J.: 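One structure coming up, written as structure tokens, with questions to follow.
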Amino acid sequence: MPEATSASLHADVVLLLPALRNFARRFVSSPSDIDDLTQETVWKLLRHSERFTPGTSLKSWAFTIMRNTFITEYKRRRRLQLRANDDALFEVPTDCSQQKCIYAAEVGKALDRLPKYQRDALLMIVEGVSYGAAAERCGCEIGTIKSRVSRARSMLVEMLGEKSLHAAASIY
């Protein structure tokens, strides 16, 4: 892009900043998130300025970049959330509110009421021990370990008064 056109584009982008910030409010609400989204949009716009076709609407192009940036980030965060939920089954949070601490204590008490062989099997699996290794440690078959873990989970759900394993595993 020629030097004069590049300077003109930069000046036009500066004039667009208030409109970009207003458009960012449609996607995010906190002032810092609005600034971040606007900054990311401007960075992408300037980085790929050679793709802009002079004579077309810079504002529309910038809004499209912002919308796509937001959607991409939203999808990325959603994927990370789903992975985190799968990995954190029966995990006690370190930074918890009073309600979460009370629920964690209830889970601990419910674990203590499980028969020792079920509690031991469940805790080994939750800690990441494979079913095969857990069976070896307990001196039984893999099917027996799977059965003990399944029964322990079902009993925990019942003791905690939850409707499903997922509800019992999520501390809210």
Side-chain angles (χ1 to χ4, degrees), residues 1-108 110-111 122-131 133 149-150 153-154 156-157 160-172:
M1 182 173 272
E3 196 71 28
T5 309
S6 178
S8 171
L9 181 67
H10 285 79
D12 290 344
V13 169
V14 170
L15 293 174
L16 270 180
L17 285 175
L20 286 171
R21 286 185 51 74
N22 284 334
F23 190 62
R25 285 186 181 92
R26 293 179 180 220
F27 303 110
V28 292
S29 56
S30 93
S32 64
D33 288 342
I34 290 168
D35 290 341
D36 289 346
L37 184 57
T38 303
Q39 181 179 356
E40 181 74 14
T41 301
V42 170
W43 179 79
K44 287 180 178 182
L45 194 144
L46 295 175
R47 183 170 172 233
H48 301 289
S49 60
E50 73 281 352
R51 295 184 185 171
F52 177 67
T53 308
T56 61
S57 174
L58 179 63
K59 185 176 182 180
S60 295
W61 189 55
F63 281 11
T64 301
I65 290 171
M66 181 177 283
R67 185 189 74 240
N68 292 342
T69 300
F70 172 78
I71 290 170
T72 301
E73 180 63 18
Y74 175 81
K75 287 179 181 178
R76 187 190 68 78
R77 284 185 183 174
R78 189 89 168 116
R79 281 192 306 272
L80 291 176
Q81 248 180 358
L82 292 175
R83 274 193 227 124
N85 288 343
D86 291 344
D87 294 340
L89 193 60
F90 290 107
E91 198 171 271
V92 179
T94 55
D95 180 29
C96 58
S97 67
Q98 287 180 336
Q99 191 174 24
K100 289 179 183 178
C101 288
I102 291 169
Y103 191 76
E106 289 175 8
V107 170
L111 280 169
L122 176 65
L123 291 177
M124 277 191 274
I125 300 306
V126 169
E127 289 172 359
V129 176
S130 71
Y131 282 99
V149 170
S150 176
R153 286 177 174 163
S154 296
L156 281 176
V157 168
L160 294 170
E162 299 292 350
K163 295 180 181 173
S164 69
L165 179 61
H166 179 68
S170 59
I171 298 176
Y172 39 96

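Numbering of residues begins at 1 and proceeds along the displayed sequence. Treat the numbers as computed from the prediction; the structure is a model and nothing was measured.
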J.: Rounded to the nearest 0.5 Å, what separates atom CG in Leu45 from atom NE2 in His10?
T.: 9.0 Å
J.: Report all side-chain donor-acceptor pairs from residues 12-22 shorter than 3.5 Å, counting only partners two or more places apart or in another chain.
T.:
unit_1, atom_1, unit_2, atom_2, d
Arg21, NH1, Asp35, OD1, 2.1
Asn22, OD1, Arg25, NH1, 2.6
Asn22, ND2, Pro18, O, 3.4

J.: Do you know the tightest heavy-atom contact between His48 and Trp61?
T.: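 For His48 and Trp61, the tightest heavy-atom pair comes out as O-CH2, 3.4 Å.
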J.: Run the ring-ring contact (aromatic ring centres under 6.0 Å, His included) test against Phe27 and tell me which residues pass, sequence neighbours left out.
T.: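 Scan of Phe27 (ring-ring contact (aromatic ring centres under 6.0 Å, His included), adjacent residues dropped) gives Phe23, Phe70.
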J.: Could you pull out all residues at least two apart from Thr56 that satisfy side-chain contact (heavy atoms from CB on, under 4.5 Å)?
T.: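 Thr56 satisfies side-chain contact (heavy atoms from CB on, under 4.5 Å) with Phe52, Thr53 once adjacent residues are dropped.
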J.: Taking atom CG of Leu122 and atom CD of Glu127, what is their separation to the nearest 0.5 Å?
T.: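 Rounded to the nearest 0.5 Å, the CG-CD separation comes out at 9.5 Å.
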J.: Who pairs with Ser57 by side-chain contact (heavy atoms from CB on, under 4.5 Å), at least two apart in sequence or on another chain?
T.: Lys59, Ser60
J.: Considering only residues two or more places apart or on different chains, which pairs with a residue in residues 61-75 satisfy salt bridge (charged side-chain N to carboxylate O under 4.0 Å, His left out)?
T.: Glu73-Arg76, Glu73-Arg77
J.: How many angstroms lie between OG in Ser30 and CG in Asp36, if you round to the nearest 0.5 Å?
T.: 7.5 Å
J.: Taking all non-hydrogen atoms of both residues, which atom of Leu37 and which atom of Ala24 are closest, and how far apart?
T.: CD2-CB, 4.0 Å
J.: Under the side-chain contact (heavy atoms from CB on, under 4.5 Å) rule, collect the residues that match up with Trp43, sequence neighbours excluded.
T.: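 Testing Trp43 for side-chain contact (heavy atoms from CB on, under 4.5 Å), a comparison that skips the adjacent residues, returns Glu40, Arg47.
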J.: NZ/Lys44 to CG/Asn68 distance, rounded to the nearest 0.5 angstrom?
T.: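 One finds 8.0 Å between NZ of Lys44 and CG of Asn68.
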